[in-house]
Structures are given as structure tokens and as C-alpha cells.
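Data first, discussion second: the structure below is written as C-alpha cells.
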Number of protein chains: 2
Amino acid sequence: MLYKHPKHYLAVDCVIFGYQDGELKLLIYPRSFEPAKGSWSLPGGFVQESESAEKAARRVLKKTTGLEDIFMEEVAVFSEPDREELARVVSVAYYALVRTDDYHLEQLKHFGAEWCPIVDLPELIFDHAKMVQSALLKLQQKASFDLIGAALLPELFTLTELRCLYEAIFQREFDPGNFRKKILSLGLLKKSDKKDPKGSKKGAFLYAYSEKKSEETSKERIVKL
Amino acid sequence: MLYKHPKHYLAVDCVIFGYQDGELKLLIYPRSFEPAKGSWSLPGGFVQESESAEKAARRVLKKTTGLEDIFMEEVAVFSEPDREELARVVSVAYYALVRTDDYHLEQLKHFGAEWCPIVDLPELIFDHAKMVQSALLKLQQKASFDLIGAALLPELFTLTELRCLYEAIFQREFDPGNFRKKILSLGLLKKSDKKDPKGSKKGAFLYAYSEKKSEETSKERIVKL
DNA sequence: ACAAAAGTGTTGTACCTACACCCATGG
DNA sequence: CCATGGGTGTAGGTACAACACTTTTGT
């Protein structure tokens, strides 16, 4: 006891977004230990001695999805003293974006995990529903500045797919023509020579990110007061 | 030991912004205990058993400034295992906005605290400089949506004062005429019948917030993708 | 041929920027 | 009477929403 102050359990919980069948989905799974064992919850874990909270979150992400090096960002701290039942646990929520088309789906089933549409979530334990709400807000903010689709869509995608993703994120529709023009004007996508025949008779060109890393926090939508 | 996981010291640190003499300032004070006793640091404290992190931050704020019910928002968690020297402490940073014209200045001096211009900070302990950087970014984001001046300026203020505040926050200039029109078009200010004679021969009308609480997260600058 | 999505063009409106220009007054 | 900041007006440009229109091709 170095300081005369209490110590606390510190956990991380991950709001993992995916995109499937035109819907924004969330990875949830049945909690594997007490309290509330069996109830739906966000993947989480405890922060260990020699890791930062972010590192703990990446560890959890790796364990539950098999994925590393994916986009992740802090949402907020949840620290109400009574937010869990058995003991006081302070939790840092993170949100992450993954490509659901990946191979690792069997690994998910192994834990009983499920991709659940964001608009139709079951009841979650503790304050996890609040975490999801906050995370969705953060995601919307993020997506309104950066062209975030990279992390959620496959390598190659059509502009219509990107639009549908944005419609899922913002829960509203975008004009197809205007959306296309706006996105292309950003100069962040490069057209491939391939076409996607699904989705229309004509076929739509596939695009990929040209990801000039340089323009991370891009200059679109600046202060503008 | 309910869980087989380590517990951690949990602290809060407050980035307290004020506005004086046309400059954005930060409240810093000499640390009162080891390690690094005497070095400049942000006001902080430890989270106790029965309080949330936010409540702890408000407690610290009250203790150092005497103020309650002021605007405050979470910045981020700082949890690198080695961020402090003597022990591992995870800290949640908050930023707050206060009116520096208030009475409570003697209380500050009592602790040796100082209002220091944001552009000319001394070296701060640990990762406190990083906290300030992150907090300033959050403040800019916040200010670009909401008319944040309320919390930093006196009850009544001129539009020029508000503009200078925004210039201090964004570290750039705004066209006086355009700024005035933009701000007034929001319909959030009400003109008083008083004039401020300082600052110009003509005198400038003083304004106050009409604060219809309803439009908290106002509709200005929505998704707009 | 025609439905349906891909993709392009047009037009009006809102807003932002830059800057010109009056107003009031203390020195 | 003039320099200074307060305050208003105007012209050009950009960006976006709404929507008409053309293209391509599977059925």
C-alpha cells in the first residue's frame, strides 16, 4: 500500500461493430462467469498489472475475434460504484470496427458469440447498453469526418455498398448521386478495373482506399464555426 | 479478493480552462506530495470507494476552485503502466471550464496555484502535458458545435470578447463582421440594454445567453456528410 | 422491351468569406 | 476631426439537396 487510497478492479469492455447484410451489427456473447453468467454482454476482460487499458482491450479483441491491428478507440469510463453487482469494477469502454466477412467466424461460434443487428439488441448486462449507445455516437462522429468504411468493408467495394453502410451507421438515407459525388470528391478512393455484377444488371465498379496515410485526420470539415 | 485479478489505484486529473486578458489559461499548481512534489501538475486526486470518477473530479474541482456545477467532460483514460514513478496509477482526465473573474482567487493562491497561459506552459509532471493536449482538442470540438463561451465568460459580455475567446481556443483569427453574424444567427444570445465602454470609444452592447436548455446539443452542424 | 441500379448533369438555395462601408465617440 | 472599434451590407464562391436524365444489361 503505497498510497492511503483504495484500489479498484479495472476492466475493459469492447463494442465491436461489424457490417453484414446491409446492417450494422454488434458482437455480443453470453457471459462466461458470475455474476450474470449466461446473460448477453459485451466482450470484456480485466486490466492486468503490466498492460495499459488499450492493450487489455486489444487482448480481448484478439481473443474473441482473432484479429489484431484493427481500428479501435476509447469511448468512455464507466465508474458508477454500483454498476456491477458482486464487486466494484471500473470499466473503460472501447469500440472497434471489424470486417465480418473474415474467416474467423467459427472461432466466434465456439464461444457462443453472435453478430446481432444494432437495431435489435437483446438486453445486455449492467450498463453495457449505455456503452453501446455512447459507442454508436462516437462512431457517427468519427464517420462524419473520416471515411471510415475501410475498416468495415472488404478490400474492394462498390459505392453503393459504402452508401448503405453509412445509411446503417446514421440510420438515415443518403441520395445515391450526391453521396457518390461527395465521396469521390474527397479523392480517397481509387477505382479498380473490376466490376461487381451482384446488385444490379449493369454492374458497379469496385473501389479501394488509396490510403495515403498522411491525411489521417483529414482537412474535410474543419472548424468552420 | 473477489476476482483473481489485480486492483489498481484510480485517479482523476483536471484540465481546468479559464479565460483572462484575452488568453486561454490553465489552472496548474505545485504538487503537494511525493513523487515529484513541488513540480507543476494538474489538480488531481484519487477515486474513493463510493464515488464515480466524475464525482471524484468534481470533488477535486470544488476543493481547488471552490466551484460546483460547472461544465466538465471526460477527456480520456491514461493507463500506461509506467506513467507514474512510484506506483502504478491509472488516471481519468477531465476538462472543465470556469469563469476566472470569480471571487475565489485567494483560495487559489493559498495552494500556490496559478493561471498559466495555455501557450506558455511550464513542464508538467508525468503525462500531464499529453492530457492538456487532448483536452484542448476536445474543447475545440465542443466549441465548434456548441456556443461554449457561457462557461468561460462573465454573465454579460460583448461579441468581441466572445470572438477573442474563440480566437484563443482555436488559435486563429475570425472576421469580426462574419463572426458576429454567425453567432447572432444561432439565436442563442439576447442583447442587454447595457453597453461596455471599455474596448472602444463607441461602446459595445453586452449580451447574455438566453439558454433555452432545450437545444443542448443543438441542430447546428449536424451530420452533413 | 423494360425494370433497375449505375452513373452524370442541372438548378436553386444556403451559407461562408472577404471586404467595403457607415456609426459613435474619446482623445 | 480623426483614429478606433462597433456594427451593417454586399458580391463572389462553394457546397449541398433535390431531382431529371442517360447508360447498361439480365430477365
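What you see is a predicted model, and the numbers here were worked out from it, not measured in a lab. Labels below follow one simple rule: chain letters A, B, ... track the order of the sequence lines, proteins then strands, and each chain is numbered from 1.
- The phosphate of C:dA6 (OP1 or OP2) has a side-chain N or O of A:T160 nearer than 4.0 angstrom.
- The nearest whole Å value for the distance from the CZ atom in B:F205 to the P atom in C:dA24 is 11 Å.
- Computed from coordinates, the B:F174 CZ to C:dT17 P distance equals 9 Å when rounded to whole Å.
- Place A:P176 and A:S200 on DNA chain C by their nearest nucleotides, and A:S200 ends up nearer the 5' end.
- DNA chain D is contacted by both A:G177 and A:G203; A:G177 maps to the nucleotide lying nearer its 5′ end (nearest heavy atom per residue).
- Taking atom NZ of residue A:K181 and atom P of nucleotide C:dT10, one finds them 10 Å apart after rounding to whole Å.
- For B:K182, a side-chain nitrogen or oxygen approaches OP1 or OP2 of C:dC16 to under 4.0 Å.
- When rounded to the nearest whole Å, the span between CG of B:L184 and C1' of C:dC16 equals 16 Å.
- Paired with A:I183 under the rule side-chain contact (heavy atoms from CB on, under 4.5 Å), one option of A:L189, A:L188, A:N178 passes, and it is A:L189.
- The distance from the CZ atom of B:R83 to the CE atom of B:M131 is 4.5 Å, given to the nearest 0.5 Å.
- Taking side-chain N and O atoms only, B:R180 has a distance below 4.0 Å to OP1 or OP2 of D:dT8.
- Distance, B:E173 CD to C:dT17 P: 14 Å, rounded to whole Å.
- Mapped onto DNA chain C by nearest heavy atom, A:D175 and B:N178 fall at different nucleotides, with A:D175 at the one closer to the 5' end.
- Rounding to whole angstrom units, NZ of residue A:K194 and C1' of C:dA6 are separated by 19 Å.
- Between A:L139 and A:Y95, some side-chain heavy-atom pair lies under the 4.5 Å cut-off.
- In terms of polar N and O atoms assigned as donor or acceptor, the side chain of A:K198 never comes within less than 3.5 Å of the base of D:dT25 in a complementary pairing.
- A donor and an acceptor atom, one from each side chain of B:D196 and B:T158, are nowhere located under 3.5 Å apart.
- Counting atom types as modelled, A:K202 pairs a side-chain N or O with a base atom of D:dT23 as donor and acceptor under 3.5 Å.
- Looking at heavy atoms from C-beta onward, A:L27 lies out of side-chain contact with A:L42 at the 4.5 angstrom threshold.
- Atom pair B:D196:CG and D:dG7:C1' shows a separation of 15 Å (rounding to whole Å applied).
- The nearest whole Å value for the distance from the CZ atom in B:F179 to the P atom in C:dC15 is 17 Å.
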